[in-house]
Amino acid sequence: MPELPEVEITARRLGAALDGAEVESTLAPGMVAVKTLDPMLNALEGMTVSGTRRVGKMPVVQFSGPVPTSPERTGSGASGELELLVHLMSAGRLHVFDKRASLKDRASRVLIRLTDGRELRLREFGTKQRAWTKLYRPGGVEADEMVETLGPEAWPAPPLERLAEAVDQPRQLHPLLRDQRAIAGIGRSWVDEVLWEAKLGPFRKGAELDAEEVERLHAALHVLGDAIDHYEEVVGERVPDKLPMPLRVHRREGEPCPRCGTTIEAVYFAEHQTNYCPTCQTGGRVLKDRRLSRLLK
C-alpha cells in the first residue's frame, strides 16, 4: 500500500500536472469505486482542478467551479468547491494520462476526463476491487468517517507530547505505529525504517517506552521527510507505478545492517513481514519466525 511519502509525492506531481485543468466528463467503471452519491461524480463536469493535498495515506484532489444544485443536474449551480478523497488501498494508483483509457481496461476504476484530452485515472491491479473515492463539499473530507478517526500526521512530526500520548498503549510498536487511529501515514514498509532509525524493537510495547526512547522515536520520523526529499530528486513529472523506495531495512533480510553490519533478520506473517537489526533493536536477540512457530504447533 502506498504510504505517506509515496502519497505525498503523488499529490505534489498531480497538483503540478492538473492545475487549472477543466473536467469534460467522468466515468466509474469500477462497480464499487465511488462511495458517495450526493454530489454525484458527474458534478465535476465543467469544474477545474484547483489543487491537491494529502490526508494520512489518502490523496485529495480539489475542484472549483459551478456546483450542481441537485444530484441530477450538472454545471448549473453557483460557483463552489468539491474535493475527491481517494483511498488507494494496496493496489490502487492515481495518475494523469495523455490518452484516455479504453472502456475494456479492466484496471480502470474511476476516469476523470479533461477538456485537453488527458485523463485523471484511478487504476487498481488484481481482482480485488478495494480502492475507492468519495466526492465531498467543503468540510466533508474532515468529517469523513475514516478521516475523522485519524491520529496525528506522522510528517511533519507531531509535537513530542502528542506522539508520547499516541504510543502510550499496551500494544506492540509495529502494529501500533501502523494503526492510522494512533498516527497517520505509516504502513508496513516505513514502520520498519522508523523503528530501525529509533533503535527500537518491533515488538516492544508502546506503554513501556521511557522518555528517552519516545524522543528517539519522535526524532526517527524524519525518515519520512527524507524519503519525500529523495522522491523529489529522482521522480519526474509522472510518478511510476513502482517507486524507487529508499529503504535500508524493510525486505533487506540477509543483508548487513547499514549502521552496525549485523545481518538484517525478518519475522514473517501471513500477509506481511517485519525486518529489524538484532544488534541495534533487540539486544542481540533473533526473534522467532512465526511461520516455523505455526508449523510446530
Side-chain angles (χ1 to χ4, degrees), residues 1-18 51-62 85-96 122-125 130-131 141 146-147 150-159 162-163 166-167 173-200 202 216-252 255 258-259 264 272-276:
M1 178 183 292
E3 301 176 32
L4 188 155
E6 293 72 46
V7 176
E8 177 68 24
I9 194 64
T10 296
R12 292 183 184 186
R13 292 297 186 266
L14 288 177
L18 293 171
T52 57
R53 62 189 179 105
R54 174 191 58 78
V55 179
K57 295 190 286 186
M58 295 175 283
V60 179
V61 184
Q62 301 163 303
L85 176 68
V86 183
H87 199 313
L88 300 170
M89 299 303 287
S90 60
R93 298 294 184 270
L94 188 65
H95 292 306
V96 179
L122 173 62
R123 295 178 299 153
E124 187 173 22
F125 303 98
R130 294 177 176 174
V141 168
M146 179 172 288
V147 174
L150 291 177
E153 290 278 350
W155 179 89
R162 185 85 185 275
L163 179 66
V167 300
L173 287 174
H174 196 274
L176 174 58
L177 295 178
R178 291 187 289 113
D179 185 345
Q180 302 305 292
R181 297 166 297 180
I183 185 166
I186 301 175
R188 293 171 179 172
S189 298
W190 288 106
V191 66
D192 285 349
E193 303 298 310
V194 169
L195 291 173
W196 177 81
E197 183 72 13
K199 299 182 179 180
L200 294 171
R216 293 208 314 259
L217 180 61
H218 184 263
L221 294 175
H222 77 82
V223 302
L224 303 172
D226 293 349
I228 296 169
D229 292 341
H230 167 76
Y231 292 145
E232 285 285 11
E233 293 181 0
V234 303
V235 174
E237 294 181 357
R238 183 178 181 276
V239 176
D241 289 335
K242 192 177 177 81
L243 277 161
M245 299 176 70
L247 302 173
R248 293 175 290 182
V249 181
H250 184 67
R251 294 194 178 276
R252 302 289 187 184
E255 298 181 16
R259 187 162 47 213
I264 297 295
H272 70 281
Q273 68 184 69
T274 179
N275 294 91
Y276 65 97

Looking only at heavy atoms, the pair that brings Ala154 and Pro158 closest together is O-CD, 4.2 Å
Drop me the distance from Arg178's CZ to Asp192's CG, to the nearest 0.5 angstrom.
9.0 Å
Would you say the side chain of Leu18 lies within less than 4.5 Å of the side chain of Val96, judging by non-hydrogen atoms?
yes
Can you check whether Ile228 reaches Trp155 side chain to side chain, under 4.5 Å on heavy atoms?
yes
State, with a plain yes or no, whether a side-chain heavy atom of Val61 is found less than 4.5 Å away from one of Arg53.
no
Short question: side chain of Ser90, backbone of Met1 - any donor-acceptor pair under 3.5 Å?
no
Check whether any side-chain heavy atom of Leu163 lies under 4.5 Å from a side-chain heavy atom of Pro152, and answer yes or no.
no
Given side chains that start at C-beta, do those of Leu200 and Val194 come closer than 4.5 Å, heavy atoms only?
no
Within-4.5 Å side-chain heavy-atom neighbours: Pro5 and Met245:
no
Go through the steps to decide whether Trp196 and Arg259 satisfy the test side-chain contact (heavy atoms from CB on, under 4.5 Å), and finish with yes or no.
CA-CA 10 Å; Trp196 177 81; Arg259 187 162 47 213; 3.4 Å; yes
Under 3.5 Å, is there a donor-acceptor pair between the side chain of His95 and the main chain of Val239?
yes
Is Asp241 salt-bridged to Arg123, going by a charged N under 4.0 Å from an acidic O?
yes
Between Glu153 and Gly56, is there a donor-acceptor pair closer than 3.5 Å when you use the side chain of the first and the backbone of the second?
yes
Residues passing the side chain to side chain donor-acceptor pair (under 3.5 Å) test with Arg252, sequence neighbours excluded, are none
Within a reach of under 6.0 Å around CZ of Arg238, are more than 12 heavy atoms found that belong to other residues, nucleotides or ligands?
yes
Heavy-atom pair with the smallest gap, counting every atom of Val147 and Met58:
CG2-CE, 3.8 Å
Applying salt bridge (charged side-chain N to carboxylate O under 4.0 Å, His left out) as the test, list every pair that has at least one member in residues 3-17; sequence neighbours left out.
Glu8-Arg12, Glu8-Arg54, Arg12-Glu232, Arg13-Glu232
Got a second to check how far His174's NE2 is from Asn275's CG, nearest 0.5 Å?
8.0 Å
Assess, by modelled atom type and distance only, whether the side chains of His222 and Glu197 contain a donor and an acceptor separated by less than 3.5 Å.
yes
Measure across Ile183 and Leu177 and return the closest heavy-atom pair with its distance rounded to 0.1 Å.
CG2-O, 3.6 Å
Heavy atoms of Ala198 and Arg216 approach each other most closely as O-NE, 2.8 Å
Do the side chain of Gln180 and the main chain of Ile186 share a donor and acceptor less than 3.5 angstrom apart?
yes
Sub-3.5 Å donor-acceptor pair from the side chain of Arg130 to the main-chain atoms of His87, do we have one?
no
Glu193 side chain to Val249 backbone, donor-acceptor under 3.5 Å:
yes
Locate the shortest heavy-atom distance separating Leu195 from Leu217; write the atom from each residue and the value.
CD2-CD1, 4.4 Å
What distance do Ser189 atom OG and Leu243 atom CG have between them, rounded to the nearest 0.5 Å?
11.0 Å
Here the gap from Arg251 atom CZ to Gln273 atom CD, rounded to the nearest 0.5 Å, amounts to 4.0 Å
Of the non-hydrogen atoms in Thr274 and Pro202, which two are nearest, and what is the gap between them?
OG1-CB, 3.8 Å
